[in-house]
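Single-structure report; data block below.
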Amino acid sequence: MDKILIHGGHPLSGSIKISGSKNSALPILAATLLTREPCILRRVPDLSDTHYMLQILMHLGAQVERASGTVSVTAEKVESIAPYEVVRKMRASVCVLGPLLGRCKEATVSMPGGCIIGDRPIDLHLKGFEALGAAVRVEGGNVKVFAPKLVGAVINLRGKFGPTVLGTDNVMMAAVLAEGTTVIEGAAQEPEVVDLANFLNKMGAKIEGAGTRRLIIEGVAELHGAEHDIIPDRIEAGTFLVAGAICGNGITIKRVVPEHVKAVTSALSSCGFRIESTPDTITVSPNGAAKPLELATEPYPGFPTDMQAQMCALLSTTPGISVITENVFPQRYMHVAELKRMGAQVQLEGATAIIQGVDHLLGAPVMASDLRASAALVLAGLKAKGTTEVGRVYHIDRGYEHLDEKLSELGAHIERVKN
Ligand code: UD1
């Protein structure tokens, strides 16, 4: 298994380009199953998660071609069964359920594995399918949904922890081919949901309200092929902004939508960093002493849960006491034990982390436990004295396109050791 070694304390400067969004690309790739015509997607990031999704599409019968960031998918005929061997590696494989149900009126998908960030149910996805008239059966580790026909309905998808992103995607993808009108209340407003809705509309769907809590979907008889550019990855962008804050002399990220990372740039401004934006770049630079912060994760447009671990790393060496509350995945603190091995002082009280900033962290061997937790360990390593060795880097490769190479370009002393 590969490892990443980071020799800390080397300031970052310069600029890098942000890749296409993983969380947009995955459901949009799944959406290509909704038509027998070819679809062409550009800026699909080169990640293990996008590779898994392409494998799933091929398993389901689609023809896939990939040249650099451009992927073309033609799903002339599709199977409706995605077994455990093909879906087990990635939780987001659950988002083939909606398009398969929409197109074939039945789908069997093994229950998803993936990131270990607490209990991750799919009850809201299933509630949405049932509202459209589908029957749901869970047996032998598989979930089966089937319906003689799908009929539009009013569905509230808001759960105990707020709206569901992939649940909204899934129900939207089934509803585009339902008879009549579907209204999804409590919809997720994330930019990735908007990107999917835009792609579906290019395919001939009739979706209004994307980016708000209420989606109105008028069902159509069939969809056609379309071309689409995936939006920039706001979590990769946020991660590099935090890298710049943690040990930068001023770094610029290019090909970003500043509006999509506003919660992160606001948090960094409150910490005392200088943020300068143009329509598609953001520069973060130091601006005197950094200050502690109190923040809580929320669904978009709030502070993203996918940036919580990286902020923990930053606040670990910010003087004073910072407080983070995780409202979306209350158990998402696997990085804390590893940060503590590097000298961080963090106390967990339920879903709240109380962080006493220390002077410096010390490099140590640490273990990546999930995608964003691993990014946090790399960021901590950039700042730490000595060498940090991050194991299980396959978690990082799931969601960051060439993270080590991009950090190297910015001046980090980082290397990947192949095992
Ligand atoms: C997506 C993102 C993930 C991000 C998360 C929250 C992708 C591929 N992944 O995951 O990176 O961290 O949004 O922004 O886009 N829930 C239920 N029942 C359900 C579904 C969800 O209770 O049926 C709960 C979850 O446990 C969680 C909350 O709702 O507490 C939000 O989860 P959700 O938005 O569904 O996350 P994902 O879409 O899986």
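One-based numbering, in listed order, for ligands and for the atoms of each.
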List ligand 1 atoms under 4.0 Å from [X], heavy atoms only on the residue side.
X    : answer
V165 : 1 (C), 13 (O), 33 (P), 34 (O), 35 (O), 38 (O)
N23  : 2 (C), 3 (C), 7 (C), 8 (C), 9 (N), 11 (O), 15 (O)
F161 : 28 (C), 30 (O)
F329 : 5 (C), 6 (C), 12 (O), 25 (C), 26 (O), 27 (C), 30 (O), 32 (O), 36 (O)

Is there a side-chain contact between [X] and [Y] (heavy atoms, below 4.5 Å)?
X    : Y    : answer
T50  : L26  : yes
Y400 : H402 : no
T35  : E222 : no
L382 : L379 : yes

Whether the K406 and S19 side chains hold a donor-acceptor pair (N or O, under 3.5 Å, no angle test) is what I'd like checked. yes
Can you find a non-hydrogen atom of [X] under 4.0 Å from ligand 1?
X    : result
R91  : yes
P121 : yes
P163 : yes
R332 : yes
H125 : yes

Run E326 and T297 through side chain to side chain donor-acceptor pair (under 3.5 Å) and show every step you take. CA-CA 5 Å; E326 174 54 69; T297 65; 2.9 Å; yes
Is it the case that ligand 1 has an N or O less than 3.5 angstrom from some N or O of P330? no
Please state which part of T305 comes within less than 4.0 Å of ligand 1, counting heavy atoms only: side chain, backbone, both or neither. side chain
Looking at L157, D49, D306, L124, the heavy atom closest to atom 23 (O) of ligand 1 belongs to L124
Looking only at non-hydrogen atoms, which of N327, T164, N170 approaches atom 21 (C) of ligand 1 most closely? T164
Kindly give the heavy-atom pair with the smallest separation between N170 and G98, and that separation in Å. OD1-N, 2.7 Å
According to side chain to side chain donor-acceptor pair (under 3.5 Å), does anything in residues 255-267 pair up with another residue at least two apart or in another chain? List the pairs. none
Begin from the C-alpha positions of D397 and R416 and carry the test salt bridge (charged side-chain N to carboxylate O under 4.0 Å, His left out) through to its verdict. CA-CA 12 Å; D397 297 334; R416 181 179 284 252; 2.8 Å; yes
